[in-house]
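Notes follow once the structure below has been shown.
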Amino acid sequence: MTQNLRIAVQKSGRLSEDSLNLFKECGIKFDNGAGKLKATSSNFPAEFLFLRDDDIPGYVEDGVADIGIVGQNVHVESNKNVSEVKLLGFSKCRLSIAIPRSDAYNGIEDLEGKDIATSYPIILGNYLKDNGVTSHIHEISGSVEIAPSIGLAHAVCDIVSSGGTLLSNGLKEVEVIFRSEAIMIGCPTMSAEKQDILKQILFRIDAVQRAKNNKYVVLNTKNENIQAISKLLPGMQSPSVIPLAQEGWSAMSSVINENDFWQNIEKLREAGAEGILVMPIEKMIY
Ligand code: ATP
Ligand code: ZN
């Protein structure tokens, strides 16, 4: 009997939706109905554990889960013995130090001897140490941003995405100390069989991510322009060219990188491309 790869994802929070979509886009089906703690895939050797994000690194280290998805902030702060499998590009945020808006700030040395409230004592401690500053770190588990107004600390160190929460608590961001995105972590002692299942998942993730970065382009042109347009359509191979019913015209199609998208479209028009269609690609496998 094959073993299932056990995958830990956040039960409900900022990582949940993108984490679940990642596996769904890879064609791995499962039922994550409300309140479920566990789900087994109906078409892939995997089962999902729905957990608090803070618990995931520990479960992965212990091998209760084989892989898990957390923010890099939680991964680094947890300081567990897990392997870093893959950065995933979603749930981007930063960990910053903030102080009351009316306080002057000239640099990190202003925090010498001050009290800083945070849920990230390890990341903050490392940052202060690297910068040669000694502050008093007060570890608190939530509502960090109210600490200055209740007299608990001079400064805070917390996750920021838009800055709205800081602003409404009368704080200003003065140092970005860590940038984070979602990361897949893995148990270093995974069996060979489970490593094979993980490889299959990573192969699928690559195909999906590559597809997201590219578009499928179809256009019509007079035959005399085919050469020039071919040069602008690098694609996976040289573009396909199909004659149109109208004499002297062809349809050309290829794959184009999304980043170069607009720039290339302009050049294609200049080279004589007409009726340009741009379509999303679902999977891309080399
Ligand atoms: P849990 O109940 O599972 O412990 P939590 O309250 O600790 O959840 P969330 O607020 O859901 O955590 O955030 C999960 C992760 O998402 C954070 O650790 C961070 O990596 C990332 N994150 C936090 N805030 C944002 C944000 N505003 N935008 C994008 N990503 C964020
Ligand atoms: Zn959490």
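Along the sequence shown, residues are numbered consecutively beginning with 1. Indexing begins at 1, ligand by ligand and atom by atom, following the structure's order.
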I need the full list of side-chain hydrogen bond (donor to acceptor under 3.5 Å, both in side chains) pairs touching residues 87-97, with sequence neighbours left out, sorted by first then second residue.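 As it turns out, the side-chain hydrogen bond (donor to acceptor under 3.5 Å, both in side chains) pairs with a partner in residues 87-97, which skip direct neighbours, are Arg94-Glu173, Ser96-Glu173.
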Hey, is the main chain of [Y] close enough, under 3.5 Å, to the side chain of [X] for a donor-acceptor pair?
| X | Y | value |
| --- | --- | --- |
| Ser254 | Pro239 | no |
| Thr221 | Gly272 | yes |
| Lys114 | Asp110 | yes |
| Ser41 | Asn43 | yes |
| Arg6 | Val64 | yes |

What residue and heavy atom of the protein are closest to [atom], and at what distance?
| atom | answer |
| --- | --- |
| atom 2 (O) of ligand 1 | Arg52 NE, 3.6 Å |
| atom 13 (O) of ligand 1 | Arg14 CB, 3.7 Å |
| atom 8 (O) of ligand 1 | Gln10 NE2, 2.9 Å |
| atom 27 (N) of ligand 1 | Ser161 OG, 2.6 Å |
| atom 29 (C) of ligand 1 | Lys92 O, 3.4 Å |
| atom 18 (O) of ligand 1 | Asn73 ND2, 3.0 Å |
| atom 21 (C) of ligand 1 | Cys93 SG, 3.8 Å |

Please determine if [X] has a nitrogen or oxygen closer than 3.5 Å to a nitrogen or oxygen of ligand 1.
| X | result |
| --- | --- |
| Gln72 | no |
| Ser12 | no |
| Asp53 | yes |

For residues 130-148, please give each side-chain donor-acceptor pair under 3.5 Å, one per line with the distance, not counting sequence neighbours.
from: Asn131; atom 1: ND2; to: Tyr127; atom 2: O; distance (Å): 2.8
from: Ser135; atom 1: OG; to: Leu111; atom 2: O; distance (Å): 2.9
from: His138; atom 1: NE2; to: Asp115; atom 2: OD1; distance (Å): 3.0

At a 4.0 Å threshold, what atoms of ligand 1 neighbour a non-hydrogen atom of [X]?
| X | answer |
| --- | --- |
| Gly71 | 20 (O) |
| Gly13 | 11 (O) |
| Ser91 | 29 (C), 30 (N) |

Within the structure, does at least one protein heavy atom fall under 4.0 Å of atom 6 (O) of ligand 1?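 Within 4.0 Å: no protein heavy atom nearby.
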May I have the list of side-chain donor-acceptor pairs in residues 51-62 shorter than 3.5 Å, sequence neighbours left out?
from: Arg52; atom 1: NH2; to: Asp54; atom 2: OD1; distance (Å): 3.1
from: Glu61; atom 1: OE2; to: Asn81; atom 2: N; distance (Å): 2.9

Tell me whether Lys194 is salt-bridged to Asp66, with the criterion being a basic N under 4.0 Å from an acidic carboxylate O.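 Answer for the salt bridge query: yes.
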Residues Glu25 and Lys212 bridged, charged N to O under 4.0 Å: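 Yes, charged N to carboxylate O under 4.0 Å.
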Residue and atom names of protein N/O/S atoms that fall under 2.8 Å from the Zn ion (ligand 2):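 Atoms qualifying: Asp53 OD1, Asp54 OD1.
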Could you please spell out the steps behind the ring-ring contact (aromatic ring centres under 6.0 Å, His included) verdict for Phe23 and Phe48? CA-CA 10 Å; Phe23 297 105; Phe48 292 84; 5.3 Å; yes
Are Ile99 and Leu128 linked, directly or through other ILVMFWY residues, by side chains that come within less than 4.5 angstrom of each other?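 Yes, same cluster.
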Near Glu112 CD, under 6.0 Å, is it more than 12 heavy atoms from other residues, nucleotides or ligands?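 Atom CD in Glu112 is packed in, count exceeds 12.
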Quick one: look at Lys11 and ligand 1, take heavy-atom pairs under 4.0 Å, and tell me if it's side chain, backbone, both or neither.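 Answer for Lys11: neither.
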